[in-house]
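What follows is a short report on a single structure.
Lettering follows sequence order; numbering is per chain, from 1.
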There are 2 protein chains.
Amino acid sequence: MRRGGGRAARSDDVRLRNRAALIAALREDGPRSRTALAAATGLSAATVSAIGGALLEEGLLAPVAAEAQGGRGRPQAPLGLNPARATAAAIVVSNRAVDTVIVDYSGSEIGRSWRGALPRDAGPAALSAALAAEIDAARAGARRDGAPPIAALTIAWQGVADAEARRVVWSPIVDARGVDFAGPLAARCGGRVAVMNDAAMVAEAFLRRGAKRSGAPTDLALLLVGPGVGMGLVLDGAAAAGRASSGMEFGHMTHVPGGAPCACGRLGCVEAYAADYAILRGAGRDERDDPLAVAQAARDGDPAARAAFAAAGEALGYGLGRLFALLGPLPVALAGSGAAAADLLRPAMVAALEQALAPELSGPLELSVAGDATALALEGAAAHALRRLDAALAAGAEIAGAPWREAVA
Amino acid sequence: MRRGGGRAARSDDVRLRNRAALIAALREDGPRSRTALAAATGLSAATVSAIGGALLEEGLLAPVAAEAQGGRGRPQAPLGLNPARATAAAIVVSNRAVDTVIVDYSGSEIGRSWRGALPRDAGPAALSAALAAEIDAARAGARRDGAPPIAALTIAWQGVADAEARRVVWSPIVDARGVDFAGPLAARCGGRVAVMNDAAMVAEAFLRRGAKRSGAPTDLALLLVGPGVGMGLVLDGAAAAGRASSGMEFGHMTHVPGGAPCACGRLGCVEAYAADYAILRGAGRDERDDPLAVAQAARDGDPAARAAFAAAGEALGYGLGRLFALLGPLPVALAGSGAAAADLLRPAMVAALEQALAPELSGPLELSVAGDATALALEGAAAHALRRLDAALAAGAEIAGAPWREAVA
DNA sequence: CTCATTTTCTTCGAGGCCCAAAATAAATGG
DNA sequence: CCATTTATTTTGGGCCTCGAAGAAAATGAG
């Protein structure tokens with residue numbers, strides 16, 4: 001039981017943590033004066049001043065033009081993340097398209113690209129090359145010149161990645177297995193390449209957006225229902241991943257043993273009832289039909305379509321019941337084509353959840369609906385890449401870029 | 001997304017962490033010299049000396065008689081946890097009995113008691129009184145006089161406790177709901193009372209025992225199959241609990257929607273196929289029959305009995321498949337009456353797991369069998385209580401007891 | 001126009017903490 | 001009896017955070 005008790009702490013771990021805390025505060029809530037940062041982090045003004053000074057020296061932070069403040073006293077001099085310090089990239093690969101975004105260190109988008117779906121039969125080399133090309137394309141269209149090279153890349157990808165988030169273990173998008181992105185792409189990303197589950201990235205972005213508005217809900221199970229069924233789980237404000245893989249294969253949890261055939265080859269997975277293809281199949285439509293059209297048919301009273309959505313909702317509801325049995329109840333959000341059909345899914349989901357779990361254990365279903373899944377996934381992946389960059393820079397990693405000394409001289 | 005970034009660290013957090021690390025090292029692997037502690041924790045000899053000195057002053061540690069070492073040089077002077085510093089208690093409540101153990105701060109048992117099952121209809125007051133009486137009984141039989149008052153108590157209990165681990169939300173053992181143990185028992189336990197799920201305590205003890213032998217397997221899903229089906233999950237060496245409750249209600253995860261009736265009132269729970277009562281029902285036996293007798297009948301070829309165990313194994317296997325889909329594959333251990341029938345359950349479990357999950361996601365089932373569940377639960381609960389005591393003492397809490405100054409003077 | 005006031009930010013000294021190196025302690029074995 | 005060996009404690013240096021005091025940079029009243 002290596003509980004660690006926490007490995008021993010050295011004296012300078014404290015500085016490291018506080019550097020990270022300062023950067024995180026700026027990342028989460030934007031530029032602020034030293035005084036405001038002191039209040040936000042709980043550090044003393046003296047310490048914020050010291051750490052802030054060091055981070056300015058290192059080019060991590062930059063002074064930001066103060067807004068008119070009015071009132072007496074010395075005006076605040078806000079600090080912000082220095083956009084020129086580094087650059088990060090995010091790629092979202094779905095079965096329909098590849099979306100890429102380049103952001104500066106402060107999180108502003110500086111470039112973007114789009115292309116249609118990758119060919120299913122692309123081999124590892126072709127895949128890496130295609131993604132590299134997208135990064136180049138996005139950079140080429142950059143609104144700003146002279147940005148430093150990309151120092152971190154996060155790929156949001158429908159499928160299963162391994163624990164180190166570098167290989168695709170399985171994905172419905174391409175036939176290739178065990179593709180290692182780290183190798184080919186690492187060269188242009190300072191080695192910081194991560195392959196993450198798409199739903200996890202959507203969850204992160206959705207929660208982040210919500211947090212900006214309301215208080216700070218820190219838990220969420222996001223169901224990404226579309227060509228497949230994925231789940232992104234956020235617990236205590238941190239993305240929860242499985243052990244061996246980046247995990248959380250909600251869609252491939254068995255719903256009915258021996259039930260409907262799933263794209264993964266097993267029988268009775270949740271996905272086999274709730275994914276787009278399952279809806280189409282259940283409604284007796286053609287594979288290539290538009291799921292949204294089926295949803296409209298269901299709203300117009302088509303019994304087969306209604307039954308298909310009821311079955312999908314039931315599978316999702318039972319799945320949530322199983323999840324809640326293990327983890328306790330969580331707020332839930334729907335994204336993807338499932339979000340567009342939330343009105344059709346909800347009643348069956350609620351009913352199934354009630355069947356599945358005693359009310360003491362589940363409580364009423366808290367279900368919200370997320371917007372454009374691709375946009376959210378891009379946002380989440382970019383945030384993810386930036387956060388890894390933050391960690392590296394806070395720890396003093398040497399990453400090229402930025403008005404380094406020049407800004408000070 | 002309150003990711004925290006980790007709250008700001010103060011300078012003296014370092015000392016606190018290192019105190020805890022030192023205590024944890026002694027707790028996990030027994031008394032050792034300062035030099036050995038330095039090696040184990042990664043701290044410098046100078047720091048171990050300083051912290052050790054302070055802990056000796058506070059009565060947390062005590063010199064231990066050194067074993068003959070032979071060889072040159074100044075002999076090592078081992079330090080150990082001071083047995084007299086504090087006392088902790090552990091109670092395991094099952095539907096058959098209440099077992100209680102009192103341990104000193106070094107973890108040695110100094111008293112024990114046993115009584116038969118609690119009456120199902122006992123109210124909150126009667127329950128608290130009964131447990132308090134057991135503690136007194138265990139103390140009365142103590143092999144050692146003058147032990148300090150009990151400063152922490154952990155109750156392992158079949159059922160659901162709330163997040164603060166103080167109330168029983170639901171339990172098959174008694175009819176009462178929402179019983180708060182903290183109030184009545186806190187007075188005699190320094191306020192440190194925790195109500196934990198029994199399976200979680202068994203898991204903890206099982207893994208700890210294993211860790212002493214082999215390397216350090218830090219993940220485990222322990223299935224406690226008996227009057228009910230519980231699960232204790234250890235991830236990264238730490239007990240994983242659900243959000244709202246102390247969670248992990250594996251037994252009440254739906255196996256087959258609309259399936260067999262469960263003791264919880266729902267239909268199709270895993271428990272409704274795998275618990276003792278389900279086995280008896282499935283084999284067409286009387287409720288009061290002995291499940292072990294049914295197991296023997298199955299081994300002797302009784303088809304109904306075989307079928308009952310096959311159904312139980314299938315439910316467990318699919319349940320594990322669902323768990324693995326979310327968390328990734330884990331080593332599994334069986335405890336309780338299920339452990340005694342592991343030979344009967346295993347084939348169906350393996351088969352069901354193969355049906356449930358693609359081999360990439362699950363790998364082969366790693367199944368081990370745990371010993372006496374009650375003994376393990378007691379051990380785990382005592383360890384849990386001691387760990388909370390460690391945390392309090394490391395942080396400098398004032399807890400009465402121990403050769404305080406006297407030992408030094 | 002000047003200057004007290006107010007608020008922000010920086011500097012300074014004190015108190016901790018950890019570590020490496022030096023000093024001390026306590027055995028062994030020739 | 002003493003050189004050698006190993007364990008532990010002491011010492012000094014380098015960081016770190018913090019509170020308090022000082023410096024900076026505005027406002028606004030006279």
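Residue Arg10(A) has its side chain nearest to dC18(C) when only dC18(C), dA20(D), dA26(D) are considered. Nearest to the side-chain atoms of Val14(B) among the listed nucleotides dC16(D), dC18(C), dA7(D) stands dC18(C). Each of dA27(C), dT4(D), dT8(C) was ranked by its minimum atom distance to the side chain of Thr35(A); first place goes to dT8(C). The listed nucleotides are dA20(D), dT8(D), dT9(D); the one nearest the side chain of Ala46(A) is dA20(D). With dT5(C), dT8(D), dA20(C) as the candidates, the nucleotide lying closest to the side chain of Arg72(A) is dT5(C).
Two residues, Gly42(A) and Ser49(B), neighbour DNA chain D, and the one matched to the more 5' nucleotide by heavy-atom proximity is Ser49(B). A residue-by-residue look at Leu43(B) and Pro75(A) shows that Pro75(A) has its nearest nucleotide of DNA chain C further toward the 5' end. Checking Ser33(A) against Thr47(B), the closest nucleotide of DNA chain C that is more toward the 5' end is the one next to Ser33(A).
Under 3.5 Å, the side chain of Ser11(A) and the base of dC17(C) form at least one donor-acceptor pair of N or O atoms. Between the side chain of Arg74(A) and the base of dT8(C), at least one donor-acceptor pair of N or O atoms lies under 3.5 Å.
For Arg15(B), no side-chain nitrogen or oxygen approaches OP1 or OP2 of dG16(C) to under 4.0 Å. A sub-4.0 Å separation between OP1 or OP2 of dA20(C) and a side-chain N or O of Ser44(B) is absent. Not one side-chain nitrogen or oxygen of Asn18(B) sits closer than 4.0 Å to the OP1 or OP2 atom of dC17(C).
Residues Arg209(B) and Glu379(B) are paired through a salt bridge, judged by an N-O separation under 4.0 Å between the basic side chain and the carboxylate.
Here Ala77(B) lies in heavy-atom contact (under 4.0 Å) with sugar-phosphate atoms only. Gly53(A) comes within contact range of no nucleotide atom at all, as no heavy-atom separation falls under 4.0 Å.
When the C1' atoms of four end pairs are superposed on the next four at each end of the helix from dC1(C)-dG30(D) to dG30(C)-dC1(D), using five pairs per end, the two resulting axes differ in direction by 30°, to 10°.
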